[in-house]
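Notes follow the structure.
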Amino acid sequence: MPTTKFVLIGSGLAGGLLAAYLGRRGYDVDLYERRADPREGNLVGGRSINLALSTRGIHALEQLGIADEVLKHAIPMRGRMIHDKSGDLHFSPYDRDPNKFINSIGRAALNTTVIEAAQRYPNVRVHFNLRCTDVDLDEATARLINTETNETAAGRGEAVIGVDGAFSAVRQSMQKKLKEFEYDESYLPHGYKELTIPPAPDGGWQMEKEALHIWPRKSFMMIALPNPDGSFTCTLFWEFEGPRSFATTKTDEDVRRFFEEEFPDAVPLMPKLLEEFRNNPTGSLVTIRCAPWYYKDKVALVGAAAHAVVPFYGQGMNAAFEDCVVLDECLAAFSQDRQRAFAEYFSRRKENADALADLAVENFIEMRDKTASRAFRAKKKLDHLLEGLVPGIYLPLYTMVTFTRIPYAEAARRARLQDRIVYGSLVAATAVIVILFAIALI
Ligand SMILES: Cc1cc2nc3c(=O)[nH]c(=O)nc-3n(C[C@H](O)[C@H](O)[C@H](O)COP(=O)(O)OP(=O)(O)OC[C@H]3O[C@@H](n4cnc5c(N)ncnc54)[C@H](O)[C@@H]3O)c2cc1C
């Protein structure tokens with residue numbers, strides 16, 4: 001029997017990983033990427049420089065035996081370090097178990113690792129500088145253009161998989177062709193800009209290394225993740241428009257004043273602040289939902305191409321990696337019926353991707369506003385206390401999302417139920433105490 005050939009579009013994080021999974025199953029894979037080879041110094045511009053990798057993503061890497069290689073370069077982040085306006089710091093651990101932490105990793109290094117993992121299989125070929133313009137769905141053929149020579153080419157297989165990110169050309173071809181294709185995009189009014197805190201003169205870190213730093217300022221915030229070279233990558237999430245926003249903060253003086261008012265403890269650590277603010281791009285934050293994620297046995301979507309989420313739960317890549325695991329399982333379970341495999345993959349992932357999209361937007365409000373409050377810190381302590389009292393039964397939402405592989409939708413449902421029980425019990429207990437107190441006074 002001839003080997004099935006998959007054409008993958010996009011060798012970002014999920015594309016490289018999926019190519020490795022398919023290669024391991026013995027499929028023939030041609031992976032096309034519009035950018036140059038990242039190993040030739042091509043920067044992954046416009047998206048985050050580092051990311052938080054957690055349990056779901058690590059599990060996906062472990063299946064291919066490359067988790068240790070990736071984690072070798074990671075920096076553990078054991079909790080949130082909250083910076084208030086006066087410069088006071090409050091540390092809030094992510095979990096009651098100090099061995100549970102998230103990992104700061106560089107996007108470029110991870111991208112290279114997954115591409116190299118794919119290339120270990122002789123049946124996987126990776127082609128750079130080839131941009132997909134559209135896909136002939138019925139022929140499972142991607143039309144490509146060489147970004148250096150402008151020559152056109154075609155990538156033909158038994159199936160095309162769009163792993164080409166939030167602005168997927170494969171998805172756009174499905175939108176054009178399929179009348180019943182559902183599509184929804186929603187942009188936050190906030191954009192993001194990346195800035196740097198360089199290493200200290202001795203090469204060390206200028207702030208606590210093993211933490212995700214947050215400067216919550218109600219309607220906006222800045223965060224910082226550590227890098228192995230001693231630097232931090234800071235990301236400012238701020239309104240595009242409004243009286244104080246990216247739009248109104250034009251001059252160096254405006255920028256300096258804004259940062260000195262809002263992030264006074266960070267300013268002395270950011271010698272290139274003004275230059276970076278001027279020169280670094282301002283990215284937008286989009287949630288994309290669509291359905292279905294497949295067409296017959298010919299086309300499927302994976303990762304941000306199927307479900308772009310805003311970055312506030314640190315789960316976009318983790319979820320994209322989980323997609324690869326599930327698609328691989330479905331292709332194994334229905335190896336003779338690819339359409340069934342695609343349908344099964346879609347039905348296992350769609351509800352969870354939708355749940356994650358909601359959780360990610362809600363977590364923006366938690367990070368930029370609630371983390372600053374005493375009530376938030378008290379709630380986290382209560383969460384950890386309850387988790388200790390009834391281990392395995394009470395699990396905080398953050399723990400379920402970040403440190404388990406409980407499907408996102410189930411985690412969200414379980415957290416809602418837990419909250420109802422806990423807050424209902426607290427209200428009932430308070431009422432009993434008040435009544436007993438009143439009786440005692442009579
Ligand atoms: C600021 C920010 C911070 C984030 N932080 C985290 C985090 O901490 N943790 C986390 O899990 N996730 C995080 N994410 C989300 C994460 O970046 C995405 O979920 C992840 O990159 C999705 O992977 P992907 O492979 O589906 O898409 P991408 O990584 O976007 O890869 C798509 C690839 O396809 C290529 N491509 C696009 N169009 C074409 C075309 N027409 N032809 C050929 N190639 C094409 C692109 O060049 C790219 O290489 C963050 C995102 C942002 C913006």
Side-chain angles (χ1 to χ4, degrees), residues 7-19 31-38 42-58 60 74 77 102-108 110-112 114-115 126-135 142-147 153 155 160-173 188 190-194 212 223 225 233-237 280-288 301-324 353 356-357 360 363-364 401-402:
V7 167
L8 266 54
I9 305 299
S11 77
L13 300 176
L17 192 79
L18 183 62
L31 172 55
Y32 296 99
E33 165 60 44
R34 68 178 172 188
R35 294 171 196 262
D37 188 335
N42 160 50
L43 288 174
V44 191
R47 284 163 305 151
S48 62
I49 288 166
N50 52 22
L51 307 114
L53 172 70
S54 50
T55 297
R56 294 166 204 267
I58 295 171
M77 297 185 289
I102 57 177
N103 300 276
S104 177
I105 45 154
R107 185 187 285 268
L110 178 59
N111 208 162
T112 300
V114 290
I115 291 172
V126 188
H127 314 269
F128 294 98
N129 301 310
L130 280 163
R131 181 168 67 83
C132 170
T133 50
D134 69 328
V135 174
R143 279 183 274 268
L144 304 158
I145 185 157
N146 186 308
T147 55
V160 174
I161 304 195
V163 222
D164 49 345
F167 304 100
S168 164
V170 180
R171 189 187 64 230
Q172 279 164 26
S173 296
L188 286 188
H190 297 70
Y192 71 93
K193 192 180 281 287
E194 292 195 322
L212 189 150
I223 65 168
L225 274 69
T233 303
C234 306
T235 312
L236 170 66
F237 295 96
N280 293 358
T282 309
S284 54
L285 297 161
V286 67
T287 302
I288 290 174
L301 300 172
V302 168
H307 51 85
V309 297
V310 293
F312 305 109
Y313 231 113
Q315 284 294 313
M317 164 196 60
N318 287 285
F321 280 9
E322 206 169 45
D323 285 352
C324 299
L356 175 61
N363 213 44
F364 186 27
V401 169
T402 310

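Indexing begins at 1, ligand by ligand and atom by atom, following the structure's order. Note that the structure is predicted; figures quoted are calculated from it, not measured. Starting from 1, each residue takes its place in the sequence as its number. Just the heavy atoms: all of them, side chains too, but no hydrogens, waters or symmetry mates, feed the values below.
With N111 contributing its side chain and P38 its backbone, the two residues share no donor-acceptor pair below 3.5 Å. Using a distance-only test at 3.5 Å, with no hydrogens or angles considered, a donor-acceptor pair links the side chain of R171 to the main chain of A166. Judged by distance alone, with hydrogens and angles left aside, the side-chain atoms of N103 form a donor-acceptor pair with the main-chain N or O of L53 at under 3.5 Å. When atom types are taken as modelled, the side chain of N280 and the backbone of K193 share no donor-acceptor pair closer than 3.5 angstrom. Side chain of N318 to main chain of S54: a donor-acceptor pair is present (N/O by atom type, distance under 3.5 Å, no hydrogens or angles). For the pair N129 (side chain) and N146 (backbone), a donor-acceptor distance under 3.5 Å is absent. Side-chain atoms of R56 come within 3.5 Å of backbone atoms of V401 as a donor-acceptor pair (strictly under, hydrogens ignored).
Residue T235 has no nitrogen or oxygen atom sitting less than 3.5 Å from a nitrogen or oxygen atom of ligand 1, judged on distance alone. Residue R34 has at least one nitrogen or oxygen atom sitting less than 3.5 Å from a nitrogen or oxygen atom of ligand 1, judged on distance alone. Considering backbone and side-chain atoms alike, P311 places every N or O at 3.5 Å or more from each N or O of ligand 1.
Using bins of under 30°, 30° to 60° and over 60° for the plane-to-plane angle, the ring pair F312/F364 lands in the parallel bin. Ring orientation note: the planes of Y32 and H127 are close to parallel, at an angle under 30° on the 30°/60° scale.
Contacts with ligand 1 closer than 4.0 Å are made by side-chain heavy atoms of R35 only, the backbone lying farther away. Residue contacts with ligand 1, taken as heavy atom pairs separated by less than 4.0 Å, involve Y192 solely via side-chain atoms from C-beta onward. Contact annotation for L225 and ligand 1: no heavy atom of the residue comes within less than 4.0 Å of the ligand. The proximity of L130 to ligand 1, defined as any non-hydrogen pair under 4.0 Å, is limited to the backbone. Looking at R107 against ligand 1, only its side chain comes within 4.0 Å, counting heavy atoms.
Comparing G165, A306, C132, G303 against atom 41 (N) of ligand 1, the shortest heavy-atom distance belongs to C132. Taking each of M317, M77, Q172 in turn, the one with a heavy atom nearest to atom 11 (O) of ligand 1 proves to be M317.
Heavy-atom proximity to A304, at under 4.0 Å, picks out these atoms of ligand 1: 22 (C), 26 (O). Counting atoms of ligand 1 from 1 in the listed order, those under 4.0 Å from a heavy atom of I9 are 42 (N), 43 (C). With ligand atoms numbered from 1 in the order given, ligand 1 contributes 41 (N) to contacts under 4.0 Å with heavy atoms of A169. Ligand-side atoms of ligand 1 in range of V163: 32 (C), 33 (C), 34 (O), range being under 4.0 angstrom from any heavy atom.
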